[in-house]
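Everything numeric in this text was worked out from a predicted model, so none of it was measured. Residue numbering restarts at 1 for every chain, and letters A, B, ... go by the order of the sequence lines.
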Amino acid sequence: MTEHPADIPPYRYTAAMAERIELSWQDRWEAEGTFHAPNPTGQLSDGFERVSGRPKLYVNDMFPYPSAAGLHVGHPLGFIGTDVFARYQRMNGHHVLHAMGFDAFGLPAEQYAVETGKHPRVTTEANIVNYRRQLRRLGLGHDPRRSVATADVSYYRWTQWIFLQIFNSWFDVGARRGRPIGELIAELDAGFRQPGEGTNPLGRQWTDLSTVERREVVNNHRLAYVSEAPVNWCPGLGTVLANEEVTADGRSDRGNFPVYRRPLKQWKMRITAYADRLLADLDRLDWSESIKLMQRNWIGRSTGASIVFPTEPGPRIGVFTTRPDTLFGATYMVLAPEHPLVGELTAADWPDDVPAAWAGGGASPIEAVAAYQKQAAQRSEMDRQAEAKTKTGVFTGSFAVNPATGGRIPVFIADYVLMGYGTGAIMAVPGQDQRDWDFAEAFGLPIVRTVQPPGDFAGKAFVGDGPAVNSARDTLTLDGMGVDGAKAAMIGWLEEYGYGQGAVTYKLRDWLFSRQRYWGEPFPIVYGADGLPQALPEEMLPVALPDIEDFTPKTSDDADSDPEPPLGRVADWATVRLDLGEGEQQYRRELNTMPQWAGSCWYELRYLDPTNDQSFVDKEVERYWMGPDPDRPDDTGGVDLYVGGVEHAVLHLLYARFWHKVLFDLGHVSSEEPFRRLFNQGYVLADSYVDSRGFYVEAAEVEHRDGRFFFNGDEVRREHGKMGKSLKNSVTPDEMYDRYGADTLRLYEMFTGPMDQSRPWETKAVVGSMRLLQRIWRVVVDEHTGQLRTSDSDVSAGTLRMLHRTIAAVRDGMETLRFNIAIAKVTELNNHLTTAYADSAVPVAVAEALVLMLAPLAPHIAEELWAKLGHAESLTREAFPVADPAYLVDDTIEIPVQVNGKVRATVVVDADADAAVMEAAARAEARVASYLDGHTARKVVVVPGRLINFVV
RNA sequence: GCCCCCGUAGCCCAAUGGCAGAGGCAGGCCCCUUAAAAGGGCUCCAGUGUCGGUUCGAGUCCGACCGGGGGUACCA
């Protein structure tokens, strides 16, 4: 910054003054613990008695992962918004908890460490220091005692503890909730309960199983379990990924590496058990419809029927269909190439007269099937999707029986059927499904319509509603029924004859939870001689992440490479001698680490009680801040306001809800949901510029001339998008602090639009917010002397009305997170004061109200002015001004008079004038009278206090 | 392809179904200034993406379409 020229008034609010004010108040807030939010009990409870009478409010931001680039001005948009809201509610009488931590484990931090060759703990800790500095400088009113980082041992020991809770639980389908695994074992032992479906592959009675076999059955019930199944293998990152981390085009959402499906033994979390509740409870949450919809789509509940098809070789094929009504039109079946029954169903020889297309060039079904399976396995998700239009497959040589028609139908394998959805097998109904139609056309299979399309229907498969046709047999007639009726009738028939039953499936898959990376929470799991996973007891926590030199993941571009956890390189850590109740023995540790999302699944709980080393959160503390509100019907409890970007719609937000529900079921928390109200902030957008070679150039140095853009004299192309270091269009908060101060930055960000909307960043527009602060300053302080220019004089009636109208509007803006409106109203009031009191002192009552209204938005300058106005205490808990309704109405108001909906005149009437008085006044107005002259009003609409409309 | 959100002055944005403008940026003019702007004042600027409907009255509600953004996609 340059020094001020001599003629700038010495007490003008400049960037330099803003910096002095801001730094000193930040120090004072910290020294006085201004934003400490005492708990009702426990270590952080000092001072609770002073706030116990206030209603509590828990405000939370989606915490950042600390990148090396530091913050740019887009990041803190939500942080400022929550701070303004929290500060407002504090002044509005609430006891507010607002904290900020760091999502420090995981791929982003680790990728950076890999690139720079520095240890992720070193880089992460340095980045956190930088983030803390940048955030502190913004003047956010967080309780600093509650800041946590997920990579701290004191934090992740509880992440591990929660993992153990999940591992040591199972889902009781009948009770629709998670329960401790010990209760399952007791019920199995007592014979009250049989092993759940699919958990007992040996099929023998529980009492006939060996100890190890029993443990396997129990493990198959757990909410965290190891399974061998096709997973997303990303060799470019050296790790497997969850479905939610793979983009639609089959790449990793971090790093954009190709992802391959291959069977691997991995940890999963049984989130599907909670699918129903995760879906149903969305209705109880105050979230935006769009996010709820994304979660609903991701959970993907489909209702229909599961149907069993007998086959000639013997095995029965189970399918799921949403259209059981079309069963009469099922003319063939398809299994996914990886389907476990493919081997048994593949015939030794082709039947006579097998069409050439069905055989796929194979001399026998075995050959053809093997060739097709191989080809399908080698295709990446991307290839598969690129070729989605052409249907491929081969005939297994076997036939199944359509239970409705009794007809023989051929069984194919084809990659348009996915192993990961439903049962991995379908009944193909080409008449009512376009994919099946395409396949049937390609393979010359029969097509039978079972729903009559309308007469003008020109398409192929008909998926709409219509009367059933061709759907009758001795014991069942669907013909003539609509789709819904036919579905119900078919399900009834299937159930009666034992061919199937009504069923529900979900698109949601179990959450793949292990990663072959270094920078994550180690699993509190070891393997003994029997090779089965075993939980470490609670008292052995934490399992500290060993500090190793070579933390880099083993990456490659080879789809056939194998995952190799870096922790496997630490031989003296990978095996351990322990006494787990059977004497000291050697155990192998689990070498995978938890995914990035683990730590963020519960941090909102840890903020509540960050220093507790006896429990992840004290029950009473959790109940106080997050418990359900008895005054709200059917309340889930949870954070009162959670703000973050929409990009976590199906990742973090789904995982965190799942963990929270497990913790609720086990009685560890009183709230059923983590986030009662969710608000998605928009993004700060910024133009970026690309030169002729396709490289980004420094946006700040681009010149704008005649609608074209130039960089160093060469024309460049403009792109709209997000702000980012790689786009060379980042603006840092540090630059803004230097040029304008934090208050100006806060004000500008809040002013550019309502919180939920994205808005372009425009550095040159920031000065407008600086000017507002200067003008407010000038209303209160004489720029030349530094003295107050307020007086105790009475406030004029006009100013009072203006003031109270402003208060009402500002409160509305604050409560609805539309801070742009609140700022505009403050501006308006200040503009009024500048002109009304240009030559006289501003009444102190108005000045104080103005300062208090500014305080949530620009807290430092407001504190400074408040202090100048003679107050020794911080205004943090000063009461926010309240509008007096008496001043919100005028004595007289100007009313538009419309004739046929067009405004023709205005009349002034008493504010409380009734309809008759208003109409009389309107008719008396000369212009109106001339419009009405010679007409009779067919209708007169009078809205008291609003308008009059004559319809002639 | 399907689903969701958004289209108001050059730009960002306001407007319980009731006079389209609260506020800001940019532009123009003037004042202050040796000069400048991060100073002061004044001022210009749209009929609300398009078409149709409901209504006494539509930016607002409904329908179709166009444009932008996002989600999702052989999901049986």
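Contact annotation: A:K825 side-chain N/O to B:A22 OP1/OP2 distance is not under 4.0 Å. Taking 4.0 angstrom as the limit, A:N820 places a side-chain polar atom (N or O) nearer than this to OP1 or OP2 of B:A14. Taking side-chain N and O atoms only, A:R775 has no distance below 4.0 Å to OP1 or OP2 of B:G23. In this structure, A:K507 reaches the B:A73 phosphate: one of its side-chain N or O atoms is under 4.0 Å from OP1 or OP2. Within the 4.0 Å cut-off from OP1 or OP2 of B:A76, at least one side-chain nitrogen or oxygen of A:S302 is found. For B:C75, neither phosphate oxygen OP1 nor OP2 lies less than 4.0 angstrom from any side-chain nitrogen or oxygen of A:R301. Residue A:R435 places at least one side-chain N or O under 4.0 Å from the OP1 or OP2 atom of B:C75. The side chain of A:R12 contributes no N or O atom lying less than 4.0 Å from OP1 or OP2 of B:A38. Contact between the side-chain N/O atoms of A:Q898 and the OP1/OP2 oxygens of B:C19 is not found at any separation under 4.0 Å. Residue A:R759 has no polar side-chain atom (N or O) positioned under 4.0 Å from OP1 or OP2 of B:C25.
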N/O contacts under 3.5 Å, protein versus nucleotides 68-70 of chain B?
none

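Mapping A:R778 and A:Q757 onto RNA chain B via the closest heavy atom, the residue that lands nearer the 5' end is A:Q757. Each of A:E783 and A:M427 has a nearest nucleotide on RNA chain B; the 5'-most of these lies closest to A:E783.
Between B:C11 and B:U50, the distance separating the two C1' atoms is 23 Å to the nearest Å. Comparing B:C19 with B:G53, their P atoms sit 23 Å apart, to the nearest whole Å.
Taking a cutoff of 4.0 Å between a charged side-chain nitrogen and a carboxylate oxygen, A:K460 and A:D433 do not qualify as a salt bridge.
Taking the centre and axis of the six-membered ring of A:F439, the NZ or CZ atom of A:K391 falls outside the cone set by 45° and 6.0 Å.
The partner of B:G1 is B:U72, by the rule that a Watson-Crick or G-U pair needs both atom distances under 3.5 Å. Nucleotide B:C19 is matched to nothing when pairs are restricted to Watson-Crick or G-U wobble geometry with both distances under 3.5 angstrom.
Anti is the classification of B:G24, since its glycosidic angle lies more than 90° from 0.
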Return a table of donor-acceptor pairs under 3.5 angstrom between the side chains of residues 821-830 of chain A and protein atoms on other chains or two or more places apart.
{"unit_1": "A:T827", "atom_1": "OG1", "unit_2": "A:I823", "atom_2": "O", "d": "2.7"}

- [ ] Could you please spell out the steps behind the side-chain hydrogen bond (donor to acceptor under 3.5 Å, both in side chains) verdict for A:S252 and A:E245?
- [x] CA-CA 6 Å; A:S252 62; A:E245 292 170 303; over 6 Å; no
